[in-house]
Amino acid sequence: MHTLLVTLLIIVSISLIVVVLLQSGKSAGLSGAISGGAEQLFGKQKARGIDLVLHRLTVVLSVLFFALTIAVSYFGL
């Protein structure tokens with residue numbers, strides 16, 4: 001059971017890294033970071049297409065990552 005969970009954790013970890021690296025950057029520089037955060041907060045420009053898919057996949061993979069990490073620590077003892 002522990003080996004299966006660790007294997008799944010490694011696969012999810014690598015997938016999460018790849019998905020995060022595939023996402024496009026919002027803006028460059030400090031002013032871009034501030035305006036990018038405001039756009040995301042107020043929802044002026046909604047993500048469409050591949051960016052939306054990558055965003056949702058990032059959320060799913062991160063939840064799986066945390067759940068598997070807790071499961072590995074629980075069953076590893």
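Basis for what follows: all heavy atoms, side chains included, without hydrogens, waters or symmetry-related copies.
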Val60 reachable from Val18 in the ILVMFWY side-chain graph, under 4.5 Å edges: yes

Verify same cluster id: Leu8, Phe75 (apolar side-chain graph, 4.5 Å): yes

Test item: Gln23 and Asp51 side chains (from C-beta on) under 4.5 Å apart, heavy atoms: no

Candidate pair Leu21 and Ile17, rule side-chain contact (heavy atoms from CB on, under 4.5 Å), full reasoning: CA-CA 6 Å; Leu21 289 176; Ile17 291 169; 4.0 Å; yes

Side chains of Leu57 and Leu61 in contact at under 4.5 Å (non-hydrogen atoms): yes

CG-CD1 distance between Leu68 and Ile11, expressed to the nearest 0.5 angstrom: 10.0 Å

Spacing of CG belonging to Leu5 relative to CD1 belonging to Ile70, to within rounding of 0.5 Å: 12.0 Å

Least distance between heavy atoms, Leu9 atom then Phe65 atom: CD1-CD1, 3.7 Å

Hydrophobic cluster membership, Leu4 vs Val72, 4.5 Å side-chain cutoff: yes

Val19-Ile10 co-clustered via ILVMFWY side chain contacts under 4.5 Å: yes

Co-membership, hydrophobic cluster, residues Met1 and Tyr74, 4.5 Å side-chain: yes

